Amino acid sequence: MSKTITATIKLVVKAGQAKPSPPVGPALGQHGLNIMGFCKEFNAKTADYKPDVPVPVSITAYADKTFEFVTKMPPTSYFLKAAAGLDKSSQRPGHNLTGFVTLKHIYEISKDGMGLVGWCMVEAGGVGGSAVSENGRSGLQFAVHNAGWCLFGAGTARSMGIRVVGQQEMEELEAKAGA
């Protein structure tokens, strides 16, 4: 017999910092869920994360006042702001440039965030990889899959007013800023 779902609650909570105060307390309390139970479980599950990383969580509330939750990947925008050294992104993307990230940053964010294996290399000229991956896919198919996530990360950066540059261009920009 399956449990009856009464609500699905979606929150963004900082890793290891779930407390019974807003937004967690009111969101769970209105459904009669054990707030401290959620806070302890969530904090234990996200103990490995760096502090202050926003973690989206989806909580399923059942009629018998029990719950289950699933943590999602932190938003790409958080990692892009950290890589560019920004507190917030552009108010007018496409008009105001707020920072720079390299293709290597985009690749690392995509690899870590999307759970991709590290053998695929993304360079300024294109994408490369080995012939066959562990799961049997050909290297070309897997490389194209990884490139899609890297393009997703680059598009997110552009929509935030962050410019994606090559390593050499980044070094030139840093040299100009230091001079």
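The figures here come from the full heavy-atom set of this structure, side chains too, leaving out hydrogens, waters and symmetry mates. Just so you know, these numbers come straight off a predicted model, no measurement behind them.
Residue Lys50 holds its NZ atom at 7.0 Å from OH of Tyr78, rounded to the nearest 0.5 Å. Leu80 contributes atom CG, which lies 10.0 Å from atom NE2 of His105 (distance to the nearest 0.5 angstrom). Rounding to the nearest 0.5 angstrom, the gap separating the CG atom in Leu86 from the CZ atom in Phe100 is 10.5 Å. Atom CG of residue Asp64 and atom NZ of residue Lys3 lie 5.0 Å apart, to the nearest 0.5 angstrom. Atoms OG1 and CZ, on Thr6 and Phe67 in that order, are 12.5 Å from each other to the nearest 0.5 Å. Distance check: Phe42 CZ to Ile59 CD1 gives 8.5 Å after rounding to the nearest 0.5 Å.
Linking Ile, Leu, Val, Met, Phe, Trp and Tyr whenever their side-chain heavy atoms come within less than 4.5 Å leaves Phe38 and Tyr62 in two separate clusters. Residues Val165 and Leu97 share a hydrophobic cluster, clusters being chains of Ile/Leu/Val/Met/Phe/Trp/Tyr side chains in contact below 4.5 Å.
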Less than 3.5 Å apart, which donor and acceptor atoms pair up between the side chains of residues 14-34 and the rest of the protein, not counting sequence neighbours?
{"unit_1": "Gln17", "atom_1": "NE2", "unit_2": "Asp52", "atom_2": "OD1", "d": "3.0"}
{"unit_1": "Asn34", "atom_1": "OD1", "unit_2": "Met36", "atom_2": "N", "d": "3.3"}
{"unit_1": "Asn34", "atom_1": "OD1", "unit_2": "Gly37", "atom_2": "N", "d": "2.9"}

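In this structure, the side chain of Thr98 does not engage the main chain of Ser89 through any donor-acceptor pair within 3.5 Å.
No option in Thr156, Ile162, Val101 other than Val101 meets the side-chain contact (heavy atoms from CB on, under 4.5 Å) test with Ile106.
Counting only heavy atoms from C-beta outward, the side chains of Ser58 and Lys10 approach each other to under 4.5 Å.
Contact detail for Lys81 and Lys88: the closest heavy-atom pair is CD-CA, 3.9 Å. Closest approach of Pro56 and Pro74 over heavy atoms only: CD-CA, 4.0 Å. Of all non-hydrogen atoms in Pro75 and Pro54, the two that sit nearest each other are CD-O, 3.5 Å.
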